Amino acid sequence: MQSLWMLVASLLFAIMGGCVKLAAAQYGIAEIVLYRSLIGCVALGAFARWQGLSLATPVPWMHLRRGAAGTVALSLWFFATTLLPLGTAMTLNYASSLYVAALVVVAAIGAGRRVHWPLAATVLIGFGGVLMVLQPSINPDQAVAGLAGLASGLLSAVAYWHVKELGTRGEPEWRTVFWFTLTGLLLGLAGSLLSGFSAHTTRGVALLLAIGVTATLAQLAMTRAYGAGRTLLTANLQYSAIVFATLIGVVFFADRIPLIGWIGIATIIGSGVLATLITARAAAAAAPAAAQDAAPLTAPDRRTTRSSG
């Protein structure tokens, strides 16, 4: 099944997180973002040239807004990864699906539409899971890292919202990813110029290459999963990244997560899956009604087309 490519992407993202945790001992966050984005940008640029595809876009500012939000989210997640247990940092970042669902609820309230209360309840339960993860897993001296992890999830939700808008504009996924890496390259370079560059070592270069390669391959695997697999299954399989990251943290970094933290992780995963299912069902239920409403308008158009032929 093509959706299983999401498991590959999730594992690669988790491995990338582990490499970031190791590389942060030698490099600043801006440098890691710079080199991670550089490798992805070169790889996708070469792919576009090989396929004869154009990198030009009619909506560059929309790409830059998406890229800026995504890059800041990525930087905050990298920062959280360096100080928190790997599974905790990954969980806070993947809470972005709850933020997206929360935005849907808030948008409905703001527009005066009927609130989907099962979705709202799911969001509240999910944020309860966030509190369970934060309370036992983060020491007082890690509070800033915890806030960074939460902010990374929020900004990731904003970035995903922009990705959806770009999709409605007809922008292909690979071009969206390219502009994201290009924006990350520019912002990472600016940050590195301000903070200074670190001296390279063989180990450091190997870790930077691993970060860039795993990130690029993960993006490609995720794109293939969403492009050829079942969207709902693919969206739910993405939470396997939390499991992979938690296992890597326990095995390689001796992370210790209390029972309440494990319960919180399970709650966030369950709430994210449930929110995805509820949103998909609501969209499916709304589609026939929208088609029925549009039918009286489209019928005259079809008759006009026939008569003009």
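In this text the structure is predicted, and so the values were computed from the model without any measurement. Values below: every heavy atom of this structure, side chains too, minus hydrogens, waters and symmetry copies.
- Put simply, I125 and M132 are part of two different groups of oily side chains (I, L, V, M, F, W, Y) that touch within less than 4.5 Å, one to the next.
- With rounding to the nearest 0.5 Å, the separation of CD1 in I257 from CD1 in I263 is 12.5 Å.
- Remark: side-chain polar atoms of W179 are paired, donor with acceptor, to backbone N or O of L55 under 3.5 angstrom.
- The hydrophobic cluster containing V72 does not contain L186, counting ILVMFWY residues as joined when their side-chain heavy atoms lie under 4.5 angstrom apart, directly or transitively.
- A donor-acceptor pair under 3.5 Å is absent between the side-chain atoms of T71 and the main chain of A68, judged by distance alone.
- Aromatic rings of Y35 and H200 (six-membered ring for Trp) have centroids within the 6.0 Å cut-off, being under it.
- Across all their heavy atoms, V163 and R66 have their closest contact at CG2-NE, 3.1 Å.
- In terms of modelled atom types and a separation under 3.5 Å, the side chain of S271 and the main chain of I268 share no donor-acceptor contact.
- The hydrophobic clustering, which links ILVMFWY residues whose side-chain heavy atoms are closer than 4.5 Å, places V59 and V177 apart.
- Side-chain atoms of Q219 never come within 3.5 Å of backbone atoms of T216 as a donor-acceptor pair (strictly under, hydrogens ignored).
- Side-chain contact annotation: S10 with Q238, donor-acceptor N/O pair under 3.5 Å absent.
- Shown here for A48 and W174, the closest heavy-atom pair between the two residues is CB-CZ3, 3.7 Å.
- At most 12 non-hydrogen atoms from other residues, nucleotides or ligands lie less than 6.0 angstrom from CZ of F252.
- L11 places none of its side-chain heavy atoms less than 4.5 Å from the side chain of L7.
- In this structure, I29 CD1 and L76 CG are separated by 9.5 Å, a value rounded to the nearest 0.5 Å.
- Grouping the Ile, Leu, Val, Met, Phe, Trp and Tyr side chains by contacts below 4.5 angstrom, directly or via other members, places L124 apart from V273.
- Taking CG from L147 and CG from L154, the interatomic distance works out to 12.0 Å, rounded to the nearest 0.5 Å.
- Between L38 and C41 the shortest side-chain heavy-atom distance does not fall below 4.5 Å.
- Rounding to the nearest 0.5 angstrom, the gap separating the CZ atom in F79 from the OG atom in S152 is 11.5 Å.
- Side chain of T88 to backbone of L84: no donor-acceptor contact under 3.5 angstrom is found.
- Taken together through direct or relayed side-chain contacts under 4.5 Å among Ile, Leu, Val, Met, Phe, Trp and Tyr, W77 and Y239 form part of one hydrophobic cluster.
- Side chain of R175 to backbone of S54: a donor-acceptor contact under 3.5 angstrom is found.
- The structure places CG of L187 at 10.5 Å from CG of L74, a figure rounded to the nearest 0.5 Å.
- Residues T176 and H63 form a side-chain contact, since some pair of their non-hydrogen atoms from C-beta on lies under 4.5 Å apart.
- A donor-acceptor contact shorter than 3.5 Å links the side chain of D255 to the backbone of L86.
- A donor-acceptor distance shorter than 3.5 angstrom exists from the side chain of S198 to the backbone of Q26, with no hydrogens or angles considered.
- The structure places CZ of F178 at 9.5 Å from OG1 of T183, a figure rounded to the nearest 0.5 Å.
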